[in-house]
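To start, the structure itself, in structure tokens.
Every number for a ligand or one of its atoms is a count from 1 in the order of the listing. What you see below is based on every heavy atom in this structure, not just the backbone, and it leaves out hydrogens, waters and symmetry mates.
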Amino acid sequence: MDAFEIRGGQPLRGETRVYGAKNAALPILAATVMTEETCVIEDVPDLEDVKVMMDILRTLGAKVERVEDAVIVHPKDIRSANVPPDLMRRMRSSIFLMGPLLARFGEVRVSKPGGCVIGQRPIDYHLRGMRALGASIEEKHGFVRCTSHRLFGNEIILDFPSVGATENLIMAATLADGETVIENAAREPEILDLANFLNKCGANIEGAGDDTVRIQGVHHLHGATHRIIPDRIVAGTILLAAAATRGKVTLTGAEPAHLTALLSKLREGGVRVSTDHDIITVECLKPWRAVDVRTSPYPGFPTDLQAPFMAALTTAVGTSVIRESVFEARFKHVNELTRMGADVSVDLQTAVVRGVAQLSGASVEATDLRGGAALVIAGLMADGTTRVEGLQHIDRGYQQLDVYLRDLGAAIVRVSS
Ligand code: UD1
């Protein structure tokens, strides 16, 4: 059981590079099963969720190797379309294998993902979309089995722009007969990255990154080499940590256009932000002004940065109102922030953050990935020492977060107990 021990009060300073996005790498690794040829995926972060996806691909029969920052998948020998339940349970995103395996094998069996700490997280949009493409779906004993001799293009209108459903349906439609049109599609940059990878493999996808995506089915995909886009959520977390500790950090290898909503909220809070091609610099010399935030699908303010942003706002001057509109229960970090002296009250999907002069270090526990990142930021801001437990959640999405922050001057160590 590892924990981070953080001595707060050190402003983050320096320059660091952003690595590839977990949320782009996972669906792209899943998509490799749709071809028989080798795929080289570059700048894949070395994270728990990525390791689980690599293990799942191996269990299905693929040869998978990591060479420095790249993951090389040889999917020729994949024979099984049954995702092992124990691995499936270790990562919600294994649901991404439904579309690709159904498209390649005409059948797939996955264990049904349950709700998680941030909400119910049903998969009804995924299943409704698969049915629209001609799949039969049977839900029994905690498993979902999809079968179809052939998938056929269709028009699918999503009730909500779900990232995962958009990705899963793009993958399934890629090898279907005819044209599929997905309306009210999610527009996250990771969806465009997936489509760019699939198009390199020979798919015919237009409009990804927009709310109408058109996919002309093709019969065959070949292998490709693809470099993952930078992780906008990791970038955002580091920028927030820098600004919350009144430091100055320059991120290289970033994509400022993917962070427009965050950067504009940082400016509203009084943080100095400058961008130049793939470089973002933030600098903050005085306390933030309170800022209201409402999360929404891209290009709105990302729900994945809600908790880290809240941590930074706990010492802002004035009262901030945060509305979480994407997930119904994404405020689990509030209790722990309160233990550190934050003044936050929650009513359903709204949190009211009254700025306090200073947080004080405490022993706290991460219960989800981004909530965990928020506690680390709070620890960096706080007076005294903070111990953050529950690192298995943080490790799912941040590669050696302690090393990354230490390089920027933070006093943080990983301890085993
Ligand atoms: C992805 C991201 C996650 C991010 C989220 C929203 C990955 C691996 N994860 O998750 O980091 O927080 O987008 O930006 O990319 N919903 C349904 N039925 C469905 C599918 C979704 O009701 O079939 C609901 C969800 O419960 C949630 C909302 O739609 O309230 C958005 O979820 P979705 O966009 O699907 O999130 P994920 O793809 O799971």
Side-chain angles (χ1 to χ4, degrees), residues 20-31 44-45 47-50 52-53 56 88 90-99 110 112-132 137 139 144 146 156-172 182 184-194 211 228-229 231-234 236-237 258-259 261-262 294-309 323-332 348-349 368-374 393-394 396-398:
K22 163 181 90 79
N23 287 355
L26 291 173
I28 288 174
L29 287 173
V44 177
L47 299 170
E48 264 320 297
D49 276 7
V50 169
V52 176
M53 181 59 87
I56 292 176
M88 176 95 191
R90 277 176 51 200
M91 183 187 53
R92 240 199 86 83
S93 307
S94 35
I95 191 70
F96 289 136
L97 284 151
M98 182 188 277
V110 295
K112 207 172 166 177
C116 71
V117 73
I118 64 174
Q120 288 276 317
R121 308 194 77 174
I123 55 164
D124 51 331
Y125 308 154
H126 300 241
L127 298 183
R128 220 175 295 148
M130 296 299 166
R131 277 200 190 95
I137 291 172
E139 293 179 71
V144 182
C146 303
I156 300 168
I157 304 174
L158 295 177
D159 288 347
F160 182 88
S162 152
V163 178
T166 304
E167 292 170 337
N168 228 340
L169 295 170
I170 287 177
M171 293 189 277
I182 307 174
N184 198 26
R187 294 185 282 167
E188 271 67 3
E190 292 76 18
I191 294 169
L192 177 57
D193 203 34
L194 170 67
D211 56 7
I228 298 288
I229 55 170
D231 196 314
R232 65 197 165 95
I233 306 301
V234 169
T237 305
H258 294 169
L259 283 159
L262 172 73
R294 181 176 188 276
T295 66
S296 54
Y298 189 85
F301 191 93
T303 171
D304 285 349
L305 287 175
Q306 177 256 110
F309 202 81
R323 290 199 174 76
E324 173 54 66
S325 77
V326 179
F327 290 106
E328 66 272 22
R330 208 170 194 179
F331 285 135
K332 291 284 191 299
L348 300 173
Q349 287 173 249
D368 67 276
L369 167 57
R370 308 302 173 185
H393 298 290
I394 297 175
R396 282 186 39 229
Y398 296 91

Of the listed options Leu127, Thr166, Val163, closest to atom 1 (C) of ligand 1 (non-hydrogen atoms): Val163
Basic-acidic side-chain contact under 4.0 Å: Asp304, Arg330: yes
Numbering as shown, the atoms of ligand 1 that approach Gly164 to under 4.0 Å (heavy-atom distance): 35 (O), 38 (O)
Ligand-residue contact atoms, ligand 1 with Ser93, heavy atoms, under 4.0 Å: 8 (C)
Ion pair check, Asp49 and Lys22, cut-off under 4.0 Å: yes
Chi angles and distances behind the side-chain contact (heavy atoms from CB on, under 4.5 Å) call for Glu328, Gln349: CA-CA 6 Å; Glu328 66 272 22; Gln349 287 173 249; 4.1 Å; yes
Where ligand 1 meets Arg330 - atom numbers and elements under 4.0 angstrom, heavy-atom basis: 12 (O)
Identity and separation of the nearest protein heavy atom to atom 39 (O) of ligand 1: Arg121 NH2, 2.8 Å
Ligand 1-proximal atoms of Phe160, by part, heavy-atom distance under 4.0 Å: side chain
From Arg131 atom CZ to Ile137 atom CD1, the distance as rounded to the nearest 0.5 Å: 4.5 Å
Heavy-atom closest contact (Ser94 atom, Met53 atom, distance): CA-CE, 4.5 Å
Heavy-atom nearest neighbour in the protein, as seen from atom 35 (O) of ligand 1, with distance rounded to 0.1 Å: Ser162 OG, 2.6 Å
Atom pair CG (Leu26) and CD (Glu167), whose distance is rounded to the nearest 0.5 Å: 9.0 Å
Numbered atoms of ligand 1 (with element) below 4.0 Å of Asn23, judged on heavy atoms: 2 (C), 3 (C), 7 (C), 8 (C), 9 (N), 11 (O), 15 (O)
Ligand 1 contact on Asp124 by region, counting heavy-atom pairs under 4.0 Å: both
Region of Val326 that comes within reach of ligand 1 [heavy atoms, distance under 4.0 Å]: both
Option of least heavy-atom distance to atom 3 (C) of ligand 1 (set: Asp304, Ile233, Leu305): Asp304
Ligand 1 contact on Thr303 by region, counting heavy-atom pairs under 4.0 Å: side chain
side-chain contact (heavy atoms from CB on, under 4.5 Å) between Val52 and Met88, worked out: CA-CA 8 Å; Val52 176; Met88 176 95 191; over 6 Å; no
Flag side-chain contact, heavy atom, 4.5 Å: Glu139 against Leu127: yes
Heavy atom of the protein closest to atom 17 (C) of ligand 1 (residue, atom name, distance): Tyr125 CE1, 3.3 Å
Minimum-distance protein heavy atom relative to atom 19 (C) of ligand 1: Pro122 O, 3.0 Å
Min side-chain heavy-atom separation Asp159-Asn184 under 4.5 Å: no
Steps toward side-chain contact (heavy atoms from CB on, under 4.5 Å) verdict (Leu369, Tyr398): CA-CA 9 Å; Leu369 167 57; Tyr398 296 91; 3.6 Å; yes
Nitrogen or oxygen of Leu26 less than 3.5 angstrom from that of ligand 1: no
Phe309 vs Leu262 side-chain heavy atoms within contact, under 4.5 Å: yes
Arg370 N/O to ligand 1 N/O under 3.5 Å: no
Close N or O approach (Glu167, ligand 1; < 3.5 Å): no
Proximal atoms of ligand 1 relative to His126 (non-hydrogen, under 4.0 Å): 23 (O)
Heavy-atom closest contact (Leu158 atom, Ala165 atom, distance): CD2-CB, 4.3 Å
Rounded distance (nearest 0.5 Å) linking atom CE of Met91 with atom CG of Leu97: 7.0 Å
For atom 36 (O) of ligand 1, the protein heavy atom that lies nearest, with its residue and separation: Phe327 CZ, 3.9 Å
Part of Arg128 within contact of ligand 1 (heavy atoms, under 4.0 Å): neither
Part of Ala165 with heavy atoms under 4.0 Å of ligand 1, whether side chain, backbone, both or neither: neither
